[in-house]
Peer 1: 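Structure below; questions to follow.
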Amino acid sequence: MSELVKKVQEHYGEYVISTKEFRGEHTVVIKNQALKAVMQYCRDHLNLEMLLDICSVDHEDVDPRFEMVYELSTLDDSKHLRIKVPISEDEEVATISDIWATADWHEREVYDMMGIKFTDHPNLKRILMWEGYPYHPLRKEFPLAGKPTDMPDVAFTGVAPMEGGPFVTSSSACDTVSAEPRAKGES
Amino acid sequence: MISKSSSPVISPNVGPQIPTGDSGDVDLTDYVYDSKVEGNIIFTRVDAAINWMRKNSLWPMPMGLACCAIELMATASSRFDISRFGAEVMRFSPRQADVMIVSGTVTYKMALAVKRVWDQMPEPKWCIAMGACASSGGMYRSYATLQGIDRLIPVDVYISGCPPRPEALIDGLMKLQDKIGSEKSLMGLKADPEEKAVKGLEISR
Ligand code: SF4
């Protein structure tokens, strides 16, 4: 077990759900309420000064449905730590944009694409789609082709035709053959 | 503006020709062509003259939205040199543009902005859809991409490719010039501007 994981576990043991090592990458899964404290601790005491990325994962029919993924590293890039937080659909996540300013836009993107809300975020607006777009398009139930919407004078969307391509992977297929990208003729 | 048809062309080298004969009462020198004063005269049709002027001085409105715009820039640069075709004046001012070159992926977020710029361009105006994305949405069959700019504005020339080579854009421009050359411009000038059917510019979304 890496030094970093050990220290997180020492200090926040009751909030750690599980830890995992995969090919030298260390992951700590923690509970939502401890997120901010752990992040602050990582930055101030573990030298993980850089927030590389924030992602979110939609596990569709698993409960809790979503998962936040934070990638931390030291400034010299010698150590990495991944922190995951399972989030259920009605839960909010504490913003960490006051710890790392770069989290601001990452969290806006997560909100825009996945619909996860961040408490105390200074400017929680959509960042890729426009204000007023009614869907969160990276959720699994949202069709790739899109849904028709209309906001007069702002933007409109339609449904993209899917015949003869493009080539779409299946998210829920159990083996690679059926998950392979091919024309699905959907829409 | 040279009409190759049978229209009479008076050559300035031919000096004053005074018809012989004794018509007497009319002073024919009033009607004689004076090469020293009048210079060259060429007869042509108004349509041909207007179209000739329009097609050889197209001012493009560069609507560069994605990777295709790089090829658009290359077309304007010295290696390909779109100014050989009189279309080098790319300014980001729709009010002084004739042809909008939509080069790139048109997202729904951008779509109405493109339409707005198009609406600001004065008539007569033309549109070139450059590349797969602008023509049909290309490989982006997704919730975010408009499936071809022709869903919003009328397109005159489509250019295939992802991205098209600068030569393809120049070829498209030449196709557009041919098209402009065959337009009935005089009829357009006379027509009521509200009468969209005459210009074939009915825009629907
Ligand atoms: S057609 Fe190809 S090169 Fe052009 S904008 Fe689309 S993806 Fe880019």
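Order of the sequence lines sets the chain letters (A, B, ...), proteins ahead of strands, with each chain counted from 1.
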Peer 1: Would the number of heavy atoms belonging to other residues, nucleotides or ligands and lying under 6.0 Å from CH2 of B:W59 be above 12?
Peer 2: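 Counting other residues, nucleotides and ligands, CH2 of B:W59 stays at 12 neighbours or fewer.
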Peer 1: Which residue pairs satisfy the side chain to side chain donor-acceptor pair (under 3.5 Å) criterion with at least one member in residues 152-163 of chain B, sequence neighbours excluded?
Peer 2: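 Pairs touching residues 152-163 of chain B that pass the test: B:D150-B:Y158, B:D156-B:K179.
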Peer 1: More than 12 foreign heavy atoms under 6.0 Å from NZ of A:K147: is that the case here?
Peer 2: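 Yes, because the 6.0 Å sphere around NZ of A:K147 holds more than 12 heavy atoms from other groups.
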Peer 1: State, to 0.1 Å, how close A:D153 and B:L112 come at their nearest heavy-atom pair, and which atoms those are.
Peer 2: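 In terms of heavy atoms, the two residues are closest at C-CD1, 4.0 Å.
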Peer 1: Could you please state which residues from residues 114-136 of chain A sit under 4.5 angstrom from chain B, measuring non-hydrogen atom to non-hydrogen atom, sorted by number, or 'none'?
Peer 2: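 So the qualifying residues are A:I127, A:L128, A:M129, A:W130, A:Y133.
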Peer 1: Once rounded to the nearest 0.5 Å, what's the spacing between atom CZ of B:R151 and atom CZ of A:F156?
Peer 2: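 Answer for the CZ-CZ pair, B:R151 versus A:F156, is 8.5 Å.
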Peer 1: Are the side chains of B:Y143 and A:T157 in contact, using a 4.5 Å heavy-atom criterion?
Peer 2: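 The answer is no, as the side chains (C-beta and beyond) never meet within the 4.5 Å cut-off.
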Peer 1: For atom CZ of B:R79, is the number of surrounding heavy atoms from other residues, nucleotides or ligands below 6.0 Å larger than 12?
Peer 2: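 No, CZ of B:R79 has 12 or fewer neighbouring heavy atoms, counting only those of other groups under 6.0 Å.
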Peer 1: Check whether more than 12 heavy atoms from other residues, nucleotides or ligands sit under 6.0 Å from atom NZ of B:K109, and answer yes or no.
Peer 2: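 Enclosed.
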Peer 1: Give the minimum heavy-atom separation between A:A160 and B:S142, together with the two atoms involved.
Peer 2: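 That would be CB-N, 3.8 Å.
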Peer 1: Looking at A:P161, is its backbone amide N or carbonyl O close enough to the side chain of B:R141 to form a donor-acceptor pair, meaning the two atoms are under 3.5 Å apart?
Peer 2: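 Between the backbone of A:P161 and the side chain of B:R141 there is a qualifying donor-acceptor contact (under 3.5 Å).
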Peer 1: Residue by residue, scan residues 62-93 of chain A and write down, ordered by number, those that have a heavy-atom distance under 4.5 Å to chain B; if none do, write 'none'.
Peer 2: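 The list, in residue order, is empty: none.
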Peer 1: Among all residues two or more places apart in sequence or in another chain, which pass the salt bridge (Lys or Arg N to Asp or Glu O under 4.0 Å) test with A:D53?
Peer 2: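 Scan of A:D53 (salt bridge (Lys or Arg N to Asp or Glu O under 4.0 Å), adjacent residues dropped) gives none.
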